[in-house]
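Working notes, beginning with the structure itself.
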Amino acid sequence: MKTKFTQLVLLCKRKVEEVELMLQKNTQQILAKQGEIDALVAEFATLKEPQSGIYQAFLTFAHHKEEYRSSIDFKMQELAALKQQKRELQEHFKLQNVEYEKAKYLDGLEVKKLLEKARIQESKDLDEISVILHANNKHERNPQ
């Protein structure tokens, strides 16, 4: 049954679904970023320091080691930003869900009012029909 709140309910539901979709995308991004970090850490663990050789090889190793560390740090910052975004999205989701529940409640109240109004009108109509039938029966029994 459509009420004046039906459009509001649909709008709120759409907003909840949009935020839910954004949360899912964010979760996928977090998992992907964590995978990148894990891969970098695994690669970093495989680095082996040269045991002998020229000093340039040691400098190259130190440079690669520092690049991995900075890459891991950068990815960790990105991961922290994604997690912060997730917290914000979860808070937004809660608020949108509350608004949706409010709209559904108001819509339910309006439906109850409309049904009660229809029930009362039906009762009045039946009473009116009863009065008319009673008057017709009375008139048929006592024709004058």
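Side chains are part of it too, since the values below use all heavy atoms of this structure and drop only hydrogens, waters and symmetry mates.
When only modelled atom types and interatomic distance are considered, Q84 and R87 share a side-chain donor-acceptor pair under 3.5 Å. Side chains of D38 and Q34: a donor on one and an acceptor on the other come within 3.5 Å. Side-chain contact of H63 with E67: a donor-acceptor pair under 3.5 Å is present, judged by distance alone.
Residues L109 and I120 do not share a hydrophobic cluster, clusters being chains of Ile/Leu/Val/Met/Phe/Trp/Tyr side chains in contact below 4.5 Å. With hydrophobic clusters built from ILVMFWY side chains whose heavy atoms lie under 4.5 angstrom apart, F61 shares a cluster with V41. One hydrophobic cluster, built from ILVMFWY side chains closer than 4.5 Å, holds both F93 and L89. Residues I37 and I30 fall within the same hydrophobic cluster, defined by Ile, Leu, Val, Met, Phe, Trp and Tyr side chains chained together at heavy-atom separations under 4.5 Å.
More than 12 heavy-atom neighbours from other residues, nucleotides or ligands sit within 6.0 angstrom of NZ on K33.
For the pair S70 (side chain) and E66 (backbone), a donor-acceptor distance under 3.5 Å is present. Side-chain atoms of N97 never come within 3.5 Å of backbone atoms of V16 as a donor-acceptor pair (strictly under, hydrogens ignored).
Atom CG of L114 sits about 9.0 Å away from atom NZ of K4, to the nearest 0.5 Å. Between the CG atom of L40 and the NZ atom of K75 there is a distance of 6.5 Å, given to the nearest 0.5 Å. How far CD of E36 is from CD of E78: 7.0 Å, rounded to the nearest 0.5 Å. Interatomic distance, CD of Q121 versus CD of E128, reported as 9.0 Å (0.5 Å rounding). The distance from atom CD of E88 to atom CE of M22, rounded to the nearest 0.5 Å, is 10.0 Å. Rounding to the nearest 0.5 Å places OG1 of T60 at 10.5 Å from OH of Y55.
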Test L8 against D107 for side chain to side chain contact (heavy atoms under 4.5 Å, CB included), laying out the working first. CA-CA 9 Å; L8 179 63; D107 189 54; over 6 Å; no
Apply side chain to side chain contact (heavy atoms under 4.5 Å, CB included) to the pair L11 and R14, showing each step before the final yes or no. CA-CA 5 Å; L11 178 67; R14 193 169 342 130; 4.2 Å; yes
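Look at E116 and R119 and you find a salt bridge, because one of the NZ, NE, NH1 or NH2 atoms lies within 4.0 Å of a carboxylate O, short of that distance. Remark: K102 engages E99 in a salt bridge, criterion side-chain N to carboxylate O under 4.0 Å.
Across all non-hydrogen atoms, the minimal contact from Y68 to E43 is OH-OE1, 2.8 Å. In plain terms, the two heavy atoms of Y100 and C12 that are nearest each other are CA-CB, 3.6 Å. The shortest heavy-atom contact between Q96 and V19 is CG-CG2, 4.1 Å. Scanning both residues, Q85 and N26, for their nearest heavy atoms gives OE1-ND2, 3.1 Å. Of all the heavy atoms in T3 and E110, the pair that sits closest is CB-CG, 3.5 Å.
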